[in-house]
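Everything quoted here is computed from the prediction, not taken from an experiment.
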Amino acid sequence: MVMAFMAGTAVVTAAPAQADGCYTWSRTLREGASGADVTQLQIRLSGYPGQGAVLAVDGSFGPATKAALKRFQSAYGLASDGVAGPATYSKIYALQDNDCTPIHFTYAELNKCNSTWSGGAVSAATAKSNALRTMWKLEALRHALGDKPIRVTSGFRSKSCNAAVGGASNSRHLYGDSADLGAGPHSLCTLAKQARHHGFRGILGHNDHTHVDHRASRLWSAPTCGI
């Protein structure tokens with residue numbers, strides 16, 4: 001709370017809200033650190049691994065995490081020193097809601113199949129965790145493209161939901177780590193090309209959407225976009 005004084009009267013006003021309700025960092029993090037707080041940082045840096053790379057979410061702050069952090073800091077006009085301190089955390093809090101999702105994407109948007117995240121190829125908890133990392137990658141993609149909206153047309157699917165739409169039996173949608181993006185402010189090719197910089201191993205071009213995912217090995221196939 002902030003105390004303001006007018007004509008001898010104290011007026012209580014609310015301080016600017018920061019969404020740290022889901023996780024609050026309590027120490028400065030730099031290369032060599034490890035722990036759950038590093039893991040939480042890596043999730044939010046998932047979209048900044050560099051072209052063709054994927055940032056490991058392993059709780060170990062190594063050179064790749066430092067490089068991703070520097071890209072994140074540079075993208076938001078912070079001092080690009082590769083050290084996570086108050087300024088970095090303040091920006092992360094400003095970019096997220098209290099359920100840890102980035103402010104421009106929601107769990108409901110990444111799961112139009114059911115509310116439980118169950119029935120896929122992995123546990124409900126894993127599917128939901130995968131979707132969270134996907135959202136942070138999408139947030140980075142969105143920012144890189146001028147902070148214009150990105151339309152998600154499909155995310156997690158249970159096996160029954162996947163079958164109902166004619167999805168492949170091994171679809172990444174069953175794992176919760178994929179999203180189909182529809183055209184909007186950006187063309188499908190613009191989305192596909194930029195996705196190469198934001199941690200997506202799978203990028204597939206389709207007539208009515210661009211598919212992005214986090215599969216075990218790279219598969220980029222959007223030939224009409226030159227990928």
*Please identify each residue that fulfils ring-ring contact (aromatic ring centres under 6.0 Å, His included) with Trp117, with sequence neighbours left out.*
Tyr107, Phe156

*Under the salt bridge (charged side-chain N to carboxylate O under 4.0 Å, His left out) test, which residues partner Asp99, sequence neighbours left out?*
none

*Scan side-chain atoms only and decide if Gln73 and Thr88 contain a donor-acceptor pair under the 3.5 Å cut-off.*
yes

*Which pair of non-hydrogen atoms, one from Ala179 and one from Val152, has the smallest distance, and what is that distance?*
CB-CG1, 4.3 Å

*Any side-chain donor paired with an acceptor under 3.5 Å for Thr190 and Ser187?*
yes

*asked:* Which heavy atom of Ser178 sits nearest to which heavy atom of Asp213, and what is that distance?
replied: CB-CB, 3.4 Å

*Would Leu191 and Ile227 show up in the same hydrophobic cluster when neighbours are defined by side-chain heavy atoms closer than 4.5 Å?*
yes

*asked:* Please verify the inter-ring angle class for Tyr93 with Tyr89; under 30° counts as parallel, over 60° as perpendicular, anything in between as tilted.
replied: tilted

*Return each pair, listed once, that meets salt bridge (charged side-chain N to carboxylate O under 4.0 Å, His left out) where at least one residue sits in residues 35-51; pairs must be two or more places apart or across chains.*
Arg27-Asp37

*Sequence neighbours left out, what pairs pass salt bridge (charged side-chain N to carboxylate O under 4.0 Å, His left out) with at least one residue falling in residues 193-203?*
none

*Verify whether one side chain among Asn162 and His173 offers a donor that lies under 3.5 Å from an acceptor in the other.*
no

_Taking every non-hydrogen atom, the tightest pair across Thr116 and Ser118_ = OG1-OG, 2.6 Å

*Going by side-chain heavy atoms closer than 4.5 Å, which hydrophobic residues are tied to Leu174, directly or by a chain of links?*
Val122, Tyr175

_Contact list for residues 50-61, test side chain to side chain donor-acceptor pair (under 3.5 Å), sequence neighbours left out_ = Gln42-Asp58

*Please report the shortest heavy-atom distance between Thr65 and Leu45, naming the atom on each side.*
O-CD1, 4.1 Å

*Which pair of non-hydrogen atoms, one from Pro49 and one from Ser46, has the smallest distance, and what is that distance?*
CD-O, 3.4 Å

*Does His143 have its ring centroid less than 6.0 Å away from the ring centroid of Tyr76?*
yes

*Examine Leu110 and Leu132 and state if one hydrophobic cluster contains both, with Ile, Leu, Val, Met, Phe, Trp and Tyr joined whenever side-chain heavy atoms are less than 4.5 Å apart.*
yes

*asked:* Whether Lys66 engages the ring of Phe61 as a cation-pi pair (distance to the six-membered ring centre under 6.0 angstrom, angle to the ring normal within 45°) should be assessed.
replied: no

